[in-house]
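Worksheet for the structure shown next.
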Amino acid sequence: MTTTQFEESLSVLVEVASAAGLSADGAEPIRLAENDLWKLANDVVVRISRPGQDEVAAREVAVARWLADNNVPAVRPLPRDQPVRARGRVATFWELLPPHRQGTEAELAPLLRRMHELPRPNFPIGQLQPFTRIAERLRAARCTDAGDREWLMRRLGELQEEWAQLPAGLPHCVVHGDAWGGNCAVTDKGALLLDFERTSIGPPEWDLTSTAVAFDTFGTLSADRYARYSKQYGVDVRDWAGYPILRGIRELRLVTFGMQTADQNSEARAQAQYRIDCIRGREGRRPWQWTAVG
């Protein structure tokens with residue numbers, strides 16, 4: 001009998017919770033995806049990472065504690081030794097957020113600025129890797145034809161060369177790595193940051209490009225809202241000579257994520273192909289009005 005994702009994740013949860021002196025009785029899944037999130041009955045959130053993510057999980061906890069030490073609002077890990085390993089995966093333990101909503105870009109911008117202004121931490125954090133999993137997604141893709149895959153692989157090579165010669169910009173610092181509204185939560189006490197899986201040292205423009213792409217590529221953000229975001233941070237990343245390179249990398253990441261999703265869900269195939277057609281020049285100029293997948 002095939003084990004479902006729910007059953008596999010639950011078995012890991014039971015083991016890591018026991019190792020942490022907690023009970024998994026009454027646990028509820030929050031999200032089961034690349035990383036699985038569970039809520040325990042005592043209002044603890046357990047994040048179970050993908051296999052092979054031991055160092056990433058440990059760094060997430062270290063980053064969250066570093067932000068707490070520097071008074072930057074962020075989700076907080078439990079004060080215990082972690083991560084905990086079971087069945088080839090690792091888990092971390094976090095405080096459950098009170099009722100909250102997704103942050104707006106204007107609420108996210110001041111948090112990013114505070115993060116970017118901090119001195120570098122005294123623990124290893126690594127360098128930003130903007131091309132993580134892009135090639136793997138392309139090689140695994142089944143939802144499009146070989147011609148599109150070959151073109152996308154060539155585009156990946158071009159962007160890698162351009163990234164290696166990125167023009168000078170703002171000083172490199174600790175960047176969030178995945179700085180979109182879904183990783184900013186707003187409670188009745190204010191906005192805070194979430195999800196430090198990709199936090200590392202890199203150009204702060206990388207974080208700013210996430211919102212610029214929502215305006216520039218997706219067309220889901222109005223000019224007024226984008227202007228407020230840039231004003232809150234103090235910089236419009238589109239004025240920087242390196243922005244088209246970062247935009248291109250972001251777009252390729254979003255294309256390959258769409259392809260990965262389409263391979264798992266046929267309803268996403270039309271959007272995945274539309275994204276490919278856009279960056280291949282088949283659908284006119286930006287903004288392209290991309291819609292969410294997954």
Side-chain angles (χ1 to χ4, degrees), residues 4-6 8-9 29-37 47-51 53 56 101-105 108 129-156 159 176-185 194-198 206-222 225-226 229 246-294:
T4 66
Q5 181 180 6
F6 176 89
E8 178 184 354
S9 184
I30 299 172
R31 184 182 75 243
L32 302 182
E34 289 188 330
N35 298 295
D36 298 342
L37 294 178
R47 180 185 174 99
I48 302 173
S49 299
R50 302 183 307 277
Q53 296 296 296
V56 172
R101 61 171 171 82
Q102 180 174 309
T104 66
E105 59 283 341
L108 172 63
Q129 302 296 326
F131 301 102
T132 299
R133 301 216 307 277
I134 291 179
E136 290 83 352
R137 286 171 175 170
L138 288 174
R139 285 193 288 266
R142 304 183 305 277
C143 65
T144 192
D145 61 40
D148 280 339
R149 287 195 301 273
E150 291 169 4
W151 186 92
L152 292 167
M153 286 295 263
R154 288 196 299 272
R155 178 62 175 150
L156 172 59
L159 288 168
H176 182 279
D178 192 17
W180 67 292
N183 285 330
C184 174
L194 314 173
D195 191 356
F196 307 109
E197 183 176 1
R198 301 199 183 282
W206 177 255
D207 281 346
L208 301 180
T209 297
S210 290
T211 298
V213 165
F215 169 64
D216 210 15
T217 301
F218 274 65
T220 55
L221 191 64
S222 70
R225 287 176 62 184
Y226 180 73
Y229 170 78
L246 298 195
R247 180 182 62 188
I249 298 170
R250 282 286 188 187
E251 289 173 349
L252 186 59
R253 291 196 66 82
L254 292 164
V255 166
T256 60
F257 177 74
M259 295 167 70
Q260 174 182 281
T261 304
D263 282 341
Q264 301 163 353
N265 178 2
S266 60
E267 293 181 0
R269 288 192 175 183
Q271 176 61 203
Q273 187 60 50
Y274 177 64
R275 292 183 181 190
I276 294 169
D277 292 341
C278 286
I279 68 169
R280 289 206 64 175
R282 299 166 177 160
E283 294 290 342
R285 302 177 63 182
R286 300 176 184 84
W288 291 313
Q289 304 296 325
W290 292 2
T291 57
V293 296

Looking only at the side chains, is there a donor atom on one of [X] and [Y] sitting less than 3.5 Å from an acceptor on the other?
{"X": "Ser210", "Y": "Arg250", "answer": "yes"}
{"X": "Gln271", "Y": "Arg275", "answer": "yes"}
{"X": "Glu105", "Y": "Thr211", "answer": "no"}

Inter-residue atom distance [X].[atom1] - [Y].[atom2], 0.5 Å rounding:
{"X": "Asp216", "Y": "Thr209", "atom1": "CG", "atom2": "OG1", "result": "9.5 Å"}
{"X": "Asp145", "Y": "Trp151", "atom1": "CG", "atom2": "CH2", "result": "13.0 Å"}
{"X": "Arg133", "Y": "Gln260", "atom1": "CZ", "atom2": "CD", "result": "6.5 Å"}
{"X": "Ile279", "Y": "Glu283", "atom1": "CD1", "atom2": "CD", "result": "12.0 Å"}
{"X": "Thr256", "Y": "Leu254", "atom1": "OG1", "atom2": "CG", "result": "8.0 Å"}
{"X": "Leu152", "Y": "Ile134", "atom1": "CG", "atom2": "CD1", "result": "10.0 Å"}

If you take all heavy atoms of [X] and [Y], which pair is closest and at what distance?
{"X": "Cys143", "Y": "Asp263", "answer": "N-OD1, 2.9 Å"}
{"X": "Thr261", "Y": "Ala268", "answer": "CG2-CB, 4.0 Å"}
{"X": "Arg280", "Y": "Gly147", "answer": "NH1-O, 3.7 Å"}
{"X": "Ala272", "Y": "Ala262", "answer": "CB-CB, 3.8 Å"}
{"X": "Gly258", "Y": "Val293", "answer": "CA-CG2, 3.9 Å"}
{"X": "Leu194", "Y": "Ala185", "answer": "CD1-CB, 4.1 Å"}

Ignoring hydrogens and geometry, is there a side-chain-to-backbone donor-acceptor pair from [X] to [Y] under 3.5 Å?
{"X": "Ser9", "Y": "Phe6", "value": "no"}
{"X": "Arg253", "Y": "Pro130", "value": "yes"}
{"X": "Asp36", "Y": "Ile48", "value": "no"}
{"X": "Arg31", "Y": "Leu37", "value": "no"}
{"X": "Arg149", "Y": "Thr144", "value": "yes"}
{"X": "Asn183", "Y": "Asp178", "value": "yes"}

State, yes or no, whether a side-chain contact exists between [X] and [Y] at a heavy-atom distance under 4.5 Å.
{"X": "Trp180", "Y": "Gln102", "value": "yes"}
{"X": "Arg282", "Y": "Gln273", "value": "yes"}
{"X": "Asp195", "Y": "Asn35", "value": "no"}

Trace of the side-chain contact (heavy atoms from CB on, under 4.5 Å) decision for Leu221 with Tyr229:
CA-CA 10 Å; Leu221 191 64; Tyr229 170 78; 5.6 Å; no

Residue pair Phe196, His176: steps toward the side-chain contact (heavy atoms from CB on, under 4.5 Å) verdict:
CA-CA 6 Å; Phe196 307 109; His176 182 279; 3.9 Å; yes

So with a 6.0 Å cut-off around CD of Gln264, is the heavy-atom count from everything else above 12?
yes

Mind running side-chain contact (heavy atoms from CB on, under 4.5 Å) on Phe131 and Leu252 for me, showing each step along the way?
CA-CA 9 Å; Phe131 301 102; Leu252 186 59; 5.7 Å; no

Trace of the side-chain contact (heavy atoms from CB on, under 4.5 Å) decision for Trp206 with Ile249
CA-CA 10 Å; Trp206 177 255; Ile249 298 170; 3.7 Å; yes

Decide yes or no on salt bridge (charged side-chain N to carboxylate O under 4.0 Å, His left out) for Arg47 and Glu197, but give the supporting numbers first.
CA-CA 11 Å; Arg47 180 185 174 99; Glu197 183 176 1; 3.3 Å; yes

Once the angle between the rings of Trp288 and Trp290 is folded into 0 to 90°, is it parallel (under 30°), tilted (30 to 60°) or perpendicular (over 60°)?
parallel

